[in-house]
Protein chains: 2
Amino acid sequence: MSAVSTTRAAFSSTPSTGVRSETVRSANLAIILRELHFHGPASRSELVARTGLTRSAIGALVGELVKADLVSEQRAASDGSPGRPSPVAAPVVERNVTLAVDVAVDSLAVAAVGLGGVVLHAERVDRPRERVAVDATIDDIVAMVRRVEAALDPGCRIIGIGVGVVGLVNRTDNSVSIAPNLGWHDVAFGARLQHALGSRADVLVSNDADLAALAEVRRGVAAGIRDVLYVWGEVGVGGGLVSRGEPITGAAGFAGEIGHVPVNPDGRPCRCGSVGCWETEVGEGALLERSGRSPEGGRDAVDALLADADAGVPSALDALAVQARWLGIGIAGLINVMNPSMVVLGGLLGRVHPYVSDQVTAEIERRALESSRRGVVVVPSALGGDAPLMGAAELAFERLLADPLGTLRKVSTSR
Amino acid sequence: MSAVSTTRAAFSSTPSTGVRSETVRSANLAIILRELHFHGPASRSELVARTGLTRSAIGALVGELVKADLVSEQRAASDGSPGRPSPVAAPVVERNVTLAVDVAVDSLAVAAVGLGGVVLHAERVDRPRERVAVDATIDDIVAMVRRVEAALDPGCRIIGIGVGVVGLVNRTDNSVSIAPNLGWHDVAFGARLQHALGSRADVLVSNDADLAALAEVRRGVAAGIRDVLYVWGEVGVGGGLVSRGEPITGAAGFAGEIGHVPVNPDGRPCRCGSVGCWETEVGEGALLERSGRSPEGGRDAVDALLADADAGVPSALDALAVQARWLGIGIAGLINVMNPSMVVLGGLLGRVHPYVSDQVTAEIERRALESSRRGVVVVPSALGGDAPLMGAAELAFERLLADPLGTLRKVSTSR
DNA sequence: GACGTTTGTCGGCGAAGATGACAAACTGAC
DNA sequence: GTCAGTTTGTCATCTTCGCCGACAAACGTC
């Protein structure tokens, strides 16, 4: 019956392709690799229990993964239980690597992440305003990638390259439609970066808030939770919606722009051209302005504001209270839309969480339907500012995890 | 390679169960039955082309479905093309039936729908306010079901029973959490109806707006479209969100309550306890009130209002213009959240579509991000008031379509 | 009526997982 | 230290399922 439910989720609607026998192999290899990637090393017998497959099947499957150098097996550490010890299968971290890139407003980051989600090397550099142009960005990324690659195991394979960008990203062609904070507009960023890097592995580009959500659902506070609302706020406010454990991308990948939901018809004009967007009430600018600071103050001003709040300065506390109210209003609406079981606040909103949490909860209780909000918890991000970077790595792993051997064939031949 | 993408969508995230050989059979049977259910009769060679399976596989699979009396094969009508004609496989409509029930505010409907989506019998009765209680509703449904069943083919199987209710429905236990318009609160409606019907087939309960969305995506204007925002408005406003062809249900099935997104913090109180919900601006009551009518006027008042609009009466046109503006504001926000490729207006909102369409589009252009709204069309529902009923039938078919033979075994033995 | 074309059918093949017997490896008690 | 008990890996065999290729059937055309 569990097989039935798998099938159900699997080959759901619309005319899909027929399933061949080989698909079974590929799917089972994928399941095992996913298990190891997300939950760490596991003994063969654990794998048997979790997948419902037989010992022989697991043996053959793990063997194949070992042969492909995706998995290594070690003798079990004897844990005191009776019976023959089961060898532990672990992902081969150092030789199966993705490159993650985060193009943020005022910084650039590159990381090499090994299978299993281990960060092997990471670099983040602040960058001045004049290095924000597309060409300069690509040059800087290439230089950082070269440095990071130099430190990697010489025998390692680059499985994929994931890139997060502060802006609207078209997932169908990896282009950046618009990135107001960078001044980019209709840039074929994925293709250009791929070319500049010498096209070794596929470059996949996505919105950084979406990636932060992905990271948080895969490895952060929301690990294992199937319906999650992730709210990422810095200068702008974005979000990632996760339903049934899968990110909602929308038709072209633009879904999750929750910062531009109209919440206040009499509100301020938004840089998107509309009026009263949620972002104009809960973004960094609004918070700073309400506390009497310049909305352009940036990170330093936020730090000062939070320090004031800790010290009990009324203007800071008031600004945070107003922020909390609008935050709660917007989240309540999204809870009604999505019925998540967890709301995660990331970026700046993760930092203000301790100051606003009570009032946000109160506002949710006032405005979200009792049924929809039952059991919802609002928590701060666990991964902090590196969430988009970690999400980019996961994005790049996705292909390998879906079809391990098939992907590997392509990766190996492409070098 | 298409096999890869299937796999990807299929066994995607989180530790799923291992896949056995039999899963393949079950999945392929499901694919063929889905194809016939949604796209109507198809020749064997068409099935070969669409699934990518071989002639022998299709032959065996169709044969098995024929043996199970789910599919019948007829000699092809010779269409003038050379070559041996391919027999046409068609769903066996009359012998594989679901019962669909719609519990609306002022009416009750029951239908028998055959495989392929053919309505075999349908009944809808208006009902007075005093028959709204749970027990009376169940009695009425049972009586209607008996009448409908009497007209069915004696050899037919009841695959499942789908029920749509105007209210918040917990999908995990088929209970109605709250249905303000019916005065229901925490009713184990699914279980009680199942018991009253003598528990022949499984009863599945869902929100009527969600079901309307399902129907519209399966067989209505949105057929084949993968990302759809369905907005259902009558007295209240609900919605169905469809992402990648699958309805978004949320953690407990409450997702889609888009009527309670806060859009106007200074607005009127909503019956949900909040203030300025979208529903208070675009629901039937608001429309009627703005035109100078009683908000309780119901269907007759709406008819009169639309007649006035046709005649060019200013108060009616003004009321519709305000309605259009708020409609556009809300839809724009949801477009930013979901990035759908189609927006469908159902119920009352489907009726007002011709009057508000231009202004809604204008408001969307003003408020939704250019990328997110690119290519979005706003269309009225194709199925009208029967959409929830049709959706209920589809809900009941879902299990059969996911695992044809397995479901049939349970259904047959349960009689 | 012969020919070309398209399609169903059937037997054989290979891949994948299940099954069950047996061996291996570890714990713990005497 | 040995032996029973337990758990697990391995191997040979079986079943299921789809693919492949050969052949026959059914149709249109000339």
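In the text below, chain A, chain B and the rest are named by the order of the sequence lines, each starting its count at 1.
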Ion pair check, A:Arg157 and A:Glu94, cut-off under 4.0 Å: no
Do B:Thr98 and B:Ile158 have side chains that get closer than 4.5 Å, going by heavy atoms? no
May I have the step-by-step check of salt bridge (charged side-chain N to carboxylate O under 4.0 Å, His left out) for A:Arg244 and A:Asp227, ending in yes or no? CA-CA 6 Å; A:Arg244 306 183 188 190; A:Asp227 297 87; over 6 Å; no
Hey, what are the protein-to-nucleotides 4-8 of chain D N/O distances that come in under 3.5 Å?
residue, atom, partner, partner atom, Å
D:dT6, O2, A:Gly83, N, 3.4
D:dT7, O2, A:Arg84, N, 2.7
D:dT8, OP1, A:Ser45, OG, 3.2
D:dT8, O4', A:Arg84, O, 3.4
D:dT8, O3', A:Ser86, OG, 3.4
D:dT8, O2, A:Arg84, NH1, 3.4

Polar atom pairs (N or O), protein with nucleotides 16-18 of chain C, under 3.5 Å:
residue, atom, partner, partner atom, Å
C:dG17, OP1, A:Asn28, ND2, 2.7
C:dG17, OP2, A:Arg25, NE, 3.1
C:dA18, OP2, A:Thr54, N, 3.3
C:dA18, OP2, A:Thr54, OG1, 2.9

Rounded to whole Å, CD1 of A:Ile58 lies from P of D:dC11 at a distance of 17 Å
Looking at B:Glu73 and B:Arg44, does any basic side-chain N land under 4.0 Å from a carboxylate oxygen? yes
Flag the pair B:Ile225 / B:Val217 as yes when at least one side-chain heavy-atom distance between them is below 4.5 Å, and no otherwise. no
Side chains of A:Leu395 and A:Leu204 in contact at under 4.5 Å (non-hydrogen atoms): yes
Establish, from distance only, whether the side-chain atoms of B:His37 and B:Glu394 form a donor-acceptor pair under 3.5 Å. yes
Can you confirm whether the side chains of A:Ser26 and A:Asp403 place a donor and an acceptor under 3.5 Å from each other? yes
